[in-house]
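Start at 1 and go down the list; that is how both ligands and their atoms are numbered.
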Amino acid sequence: MSEPDALQSKRIGVIVGSLRRESFSRKMANVLISLAPAPLLPEILEIGELPMYNQDLEETPPAAWLDFRSRLRGLDGVIFVTPEYNRSVPAVLKNAIDVGSRPSGKNSWDRIPGAVVSVSPGGLSAFGANHHLRQSLVFLNVPTMAQPEAYIGGVAKMFDDHGNLINDSTRDFLKKFMAAFAEWVVRFPRDL
Ligand SMILES: Cc1cc2nc3c(=O)[nH]c(=O)nc-3n(C[C@H](O)[C@H](O)[C@H](O)COP(=O)(O)O)c2cc1C
């Protein structure tokens with residue numbers, strides 16, 4: 001990569017709200033990564049090993065918390081791909097949100113341009129999780145892309161045995177979504 005290209009590339013953390021081995025959300029995240037246009041450089045940012053948030057631990061924070069916070073501070077953008085648990089976000093995702101938001105006054109999410117993709121086998125497309133997550137992102141000062149919204153329902157029938165997306169209209173939509181997010185990241189650069 002030439003030097004000017006390297007300067008323009010945008011490090012995008014993709015956070016998956018499910019730890020399940022065959023997670024549809026993770027499959028969807030991999031599809032989004034494969035469809036990312038330049039200058040986006042997306043990579044899954046793992047959250048499964050983060051110890052559960054406990055404010056008492058802030059005196060000597062777990063190494064995994066410090067590493068996660070430092071990775072967040074290095075991002076130019078973040079995409080959340082999440083299922084819905086009981087009409088909200090899964091605990092593993094909320095834990096990552098909380099870990100990144102602390103200690104008080106040192107919110108590592110601050111000003112990272114973001115986007116939300118909610119995923120469900122059902123027809124309501126995890127609308128509840130999508131909007132509960134957006135509620136936290138407002139408070140955390142993550143400028144979150146408004147349009148296009150991404151509510152992906154019926155995911156159980158969207159992948160083949162190798163995790164390839166077999167639904168062309170969804171692929172077209174996701175491509176447009178990633179193109180819009182590339183514009184969003186450039187429009188709201190974190191370093192301004
Ligand atoms: C604890 C729990 C709660 C759930 N609640 C909802 C829900 O509120 N809405 C929904 O659409 N699906 C719900 N589901 C079903 C999930 O959407 C489904 O298990 C999905 O495959 C999880 O995402 P994943 O494939 O990325 O792991 C729930 C599943 C679990 C395990």
Side-chain angles (χ1 to χ4, degrees), residues 11-36 40-54 64 67-68 71-72 75 77-101 109 112-140 142 144-178 180-181:
R11 290 154 301 175
I12 308 300
V14 180
I15 297 188
V16 178
S18 169
L19 303 181
R20 198 168 72 85
R21 214 168 22 249
E22 290 297 322
S23 162
F24 297 123
S25 308
R26 184 170 285 262
K27 289 175 185 172
M28 198 58 78
N30 286 329
V31 173
L32 286 160
I33 288 170
S34 76
L35 295 174
L40 304 186
L41 286 178
E43 197 174 64
I44 289 184
L45 185 52
E46 300 291 350
I47 59 173
E49 300 300 324
L50 292 174
M52 190 62 74
Y53 189 77
N54 173 348
D67 180 60
F68 183 66
R71 284 172 193 271
L72 289 181
L75 292 179
V78 62
I79 300 175
F80 297 89
V81 187
T82 187
E84 178 173 272
Y85 277 8
N86 301 309
R87 298 287 181 258
S88 187
V89 293
V92 69
L93 176 53
K94 186 56 165 57
N95 185 50
I97 295 277
D98 295 341
V99 167
S101 71
W109 300 101
I112 313 177
V116 178
V117 177
S118 60
V119 166
S120 173
L124 296 182
S125 311
F127 176 90
N130 192 309
H131 282 263
H132 269 187
L133 178 54
R134 285 172 183 273
Q135 182 169 318
S136 294
L137 297 180
V138 169
F139 183 64
L140 296 171
V142 172
T144 305
M145 187 165 74
Q147 294 292 342
E149 298 163 280
Y151 309 104
I152 316 289
V155 279
K157 293 183 181 155
M158 280 192 187
F159 298 98
D160 67 15
D161 291 343
H162 305 289
N164 299 308
L165 186 68
I166 54 173
N167 184 307
D168 288 341
S169 62
T170 300
R171 182 179 300 99
D172 288 347
F173 169 73
L174 295 175
K175 209 169 168 183
K176 286 178 189 150
F177 183 87
M178 290 305 278
F181 185 61

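Ordered by chain and residue number, the residues placing a heavy atom less than 4.0 Å from ligand 1 are Ser18, Arg20, Ser23, Phe24, Ser25, Pro83, Glu84, Tyr85, Asn86, Arg87, Ser120, Pro121.
Checking side-chain atoms of Arg71 against main-chain N and O of Leu45 turns up no donor-acceptor pair under 3.5 Å.
You'll find the side chain of Leu137 reaches within 4.5 Å of the side chain of Phe80, heavy atoms only.
A search for side chain to side chain contact (heavy atoms under 4.5 Å, CB included) contacts involving Asp98 returns Tyr53, Lys94, not counting sequence neighbours.
No side-chain N or O of Arg26 forms a donor-acceptor pair with one of Asn30 less than 3.5 Å apart.
Heavy-atom contacts from other residues, nucleotides or ligands closer than 6.0 Å to CZ of Phe173 number more than 12.
Ion pairing of Arg171 with Asp168 is present here, as a side-chain N (NZ or NE/NH1/NH2) and a carboxylate O approach within less than 4.0 Å.
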